Amino acid sequence: MLDLRMIRQNPDRVREALRKRGEEAPLDELLALDERRRGILTDVEKLKAQRNEVSDEVARRKREKEDAQALIDEMRVVSQKIKDFDEELREVDGKIQDYLLRIPNIPHESVHVGVSEDDNMEIRRWGDQTKFGFEPLPHWELGVNLDIIDFERAGKVTGSRFYFLKGAGARLERALMNFMLDLHTTEHGYREVFPPFMVNQTSATGTGQLPKFGEDMFKLEGLDYYLIPTAEVPVTNLYRDEILSAEDLPIYHVAYSACFRSEAGSAGRDTRGLVRVHQFNKVELVKFVLPENSYDELEKLTNDAETVLQKLGIPYRVSQMCTADLGFTAAKKYDPEVWMPSYGRYVEISSCSNFEDFQARRANIRFRRDKGARPEFVHTLNGSGIAVGRCLAAVMENYQQEDGSILIPEVLRPYMGGQERITAEK
RNA sequence: GGAGAGGUGACAGAGUGGCCGAAUGUGGCGGUCUCGAAAACCGUUGGGCGUGUAAGCGUCCCGUGGGUUCAAAUCCCACCCUCUCCGCCA
């Protein structure tokens, strides 16, 4: 959420920034509401001041056993006026909140302008695209052949876009998760948290999923619980409505969670395999930092995600999102993308963003620079470190052998009981 | 799920209609004292919004949201959360 006072002071700057994202925000209406609100506030607060003063006088007279009836009658009228004003104020406030919660973040000045995802820019590349001396198979065929992924029975048991992992496949998934968590906790300084997989509406609003993107989440019927689309939601909301002290910062958290996405509006896309499913595992990195450090922290965060891919030996590149592809909440965003032989292109496997104070303002996460200083909003960042399901697919495809077996990357072998290769079982 | 108890400032804990944004204690910060420290003593110590260059002024906040009243931490209603006992359960 943007700062209303900032919008009031720089409406043109905000309009221009949003235009770069391809958004038209109805700022005039918002600013009119804001003016209306402040007008009401001035009036109603005057009346309240009067009421407070007269109430004291009533109390005094009662104590002195004097008559106060005239004052009481007078205040009855004033109180009614206050009530009317308050009601109007509530209404206006609600509308303002609604506007503010639907305005996206402002892109950072270092983000290049674009009109679609085609304008995203590759900024670096690691490793060579995997070459095969044979016709490589997509991971969904490899998985079925080796009987380590079962889409068909998942369709029976649940529905489309679900899958079972079996045997070495299930273990490899677990190995990836543990490898990532261990890497980030022991080498990159993140503290592990294991979050709830459901959150309430306030939390989903805090990180920006609501109110605009409710249909992307699964909601529990009759309850104020949403299945999390990413651990970003519970972990960022850890410190909602809190004032941290500057010594606490930066805070780095890493969290494993299952992620649930309805994939509304993506019917027909990536219908096969593990790339686009309703439930997947992800290891997420979340940071709370001082505002002046957040862009350095974004670079480090992205590197931390990339380290996973380097250690696994999977070729990848990093794209910087243009203004049109930042998503609702980010001021700047990098997407590490892995080489996926079946797609013949790089596929997003992480997304590393700096939200500046956009989420912190929504979730009211603040810090105090010094004792007695007034609280400021922290900057929040997060990035996948990394998506486990897509990573499993990338390992399978890039490490497949001509005989249909899959070589296990060195760093995962300790997590696989020393196993070096996945072959058909039985 | 059933029965009961409770949610007040950083923490502990008073306050049951008016001088209570809130006693007192602890902690924090500043000071006196001291070679220094401790102790003791003195002072100070929340957040939001509006207004103002600022100092300040005003207003709101005692789990949340409504209501009663001239006036609510205090009375009423609903909800949320915590704790205890019972039931169920991985």
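The analysis underlying the following values was restricted to heavy atoms, covering all of them including side chains, and did not include hydrogens, waters or symmetry mates. Since the model is a prediction, treat every value here as computed from it, not as a measurement. In what follows, chains are A, B, ... by sequence order, proteins preceding strands, each numbered from 1.
- Salt-bridge check for Arg36(A) with Glu88(A): passed, with a basic side-chain N closer than 4.0 Å to an acidic carboxylate O.
- Picking from U68(B), A71(B), G48(B) the nucleotide with the shortest atom distance to the side chain of Lys83(A) gives U68(B).
- Residues Asp248(A) and Phe288(A) have side chains not in contact (no heavy-atom distance under 4.5 Å, counting atoms from C-beta outward).
- To the nearest whole angstrom, the two C1' atoms, one in U34(B) and one in U45(B), are 26 Å apart.
- Nearest to the side chain of Arg8(A), among G50(B), C81(B), A71(B), sits G50(B).
- Nearest to the side-chain atoms of Arg368(A) among the listed nucleotides G47(B), U59(B), G18(B) stands G47(B).
- Comparing the same atom, C1', in C83(B) and in C77(B) gives a spacing of 24 Å after rounding to whole Å.
- On the C1' atoms, A5(B) is 24 Å away from A72(B), given to the nearest whole Å.
- One donor-acceptor pair, N or O on each side, does fall under 3.5 Å between the base of G58(B) and the side chain of Glu45(A).
- Out of U59(B), G50(B), C70(B), the shortest distance to the side chain of Ala49(A) is found at U59(B).
- A salt bridge (charged side-chain N to carboxylate O under 4.0 Å, His left out) with Lys311(A) is found for one member of Glu410(A), Glu187(A), Glu306(A) and no other, namely Glu187(A).
- U16(B) and A23(B) are spaced 15 Å apart, taking the P atom of each and rounding to whole Å.
- Backbone-only engagement by Arg37(A) is indicated by non-hydrogen atom pairs under 4.0 Å involving sugar-phosphate atoms exclusively.
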Problem set entry | Dot-bracket line, read 5' to 3' along RNA chain B, where crossing pairs take [ ] and | marks a partner on another strand, Watson-Crick or G-U under 3.5 Å | ((((((((.[[[..)..(.....]]]((((((.......))))))((((((....)))))).[[[[[..)....]]]]])))))))....
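- Here the nucleotide nearest the side chain of Leu41(A), chosen from G48(B), C49(B), C70(B), is C49(B).
- Of the P atoms belonging to A3(B) and G58(B), the separation is 49 Å, rounded to the nearest Å.
- Between G48(B), C70(B), G50(B), one nucleotide has an atom nearer to the side chain of Arg38(A) than all others, and that is G50(B).
- Here G48(B) is the nucleotide among C70(B), G66(B), G48(B) with the atom lying nearest to any side-chain atom of Arg374(A).
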For this session: Any chance you could lay out the side-chain hydrogen bond (donor to acceptor under 3.5 Å, both in side chains) test for Glu192(A) and Tyr256(A), step after step, and finish with the verdict?
Result: CA-CA 8 Å; Glu192(A) 184 171 357; Tyr256(A) 155 76; over 6 Å; no
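- In summary, of the residues considered (Val233(A), Ile228(A), Val199(A)), a side-chain contact (heavy atoms from CB on, under 4.5 Å) with Thr207(A) occurs for Val233(A) alone.
- Checking U59(B), G47(B), U68(B) against the side-chain heavy atoms of Asn52(A) singles out U59(B) as nearest.
- Within 4.0 Å (heavy atoms only), Val54(A) reaches no atom of the nucleic acid at all.
- Residue Ser79(A) has a polar side-chain atom (N or O) positioned under 4.0 Å from OP1 or OP2 of A71(B).
- Between the side chains of Thr307(A) and Asp304(A), no donor-acceptor pair of N or O atoms lies under 3.5 Å.
- Salt bridge status for Arg61(A) with Glu64(A): absent, with no side-chain N to carboxylate O gap under 4.0 Å.
- The separation between Asn364(A) atom CG and C61(B) atom P is 18 Å, rounded to whole Å.
- Under a 4.0 Å N-O distance rule, the pair Asp93(A)/Arg37(A) qualifies as a salt bridge.
- Within the 4.0 angstrom heavy-atom criterion, no nucleotide atom of any strand lies near Asp56(A).
- For Lys48(A), taking side-chain heavy atoms from C-beta onward, the closest of the listed nucleotides G48(B), C60(B), C49(B) is C60(B).
- Checking C70(B), C81(B), U59(B) against every side-chain atom of Arg51(A), the shortest atom distance belongs to C70(B).
- The nearest whole Å value for the distance from the CD atom in Gln69(A) to the C1' atom in U69(B) is 13 Å.
- Contact check on Arg276(A) versus Glu263(A) returns a salt bridge, with a Lys/Arg side-chain nitrogen under 4.0 Å from an Asp/Glu carboxylate oxygen.
- When heavy atoms are screened at a 4.0 angstrom cut-off, Arg61(A) is found touching no nucleic acid atom at all.
- Phosphate proximity of C49(B) to Arg5(A): present, with a side-chain N or O under 4.0 Å from OP1 or OP2.
- Computed from coordinates, the Lys62(A) NZ to U69(B) P distance equals 14 Å when rounded to whole Å.
- For Asn200(A) and C81(B), the CG to P distance is 10 Å, given to the nearest whole Å.
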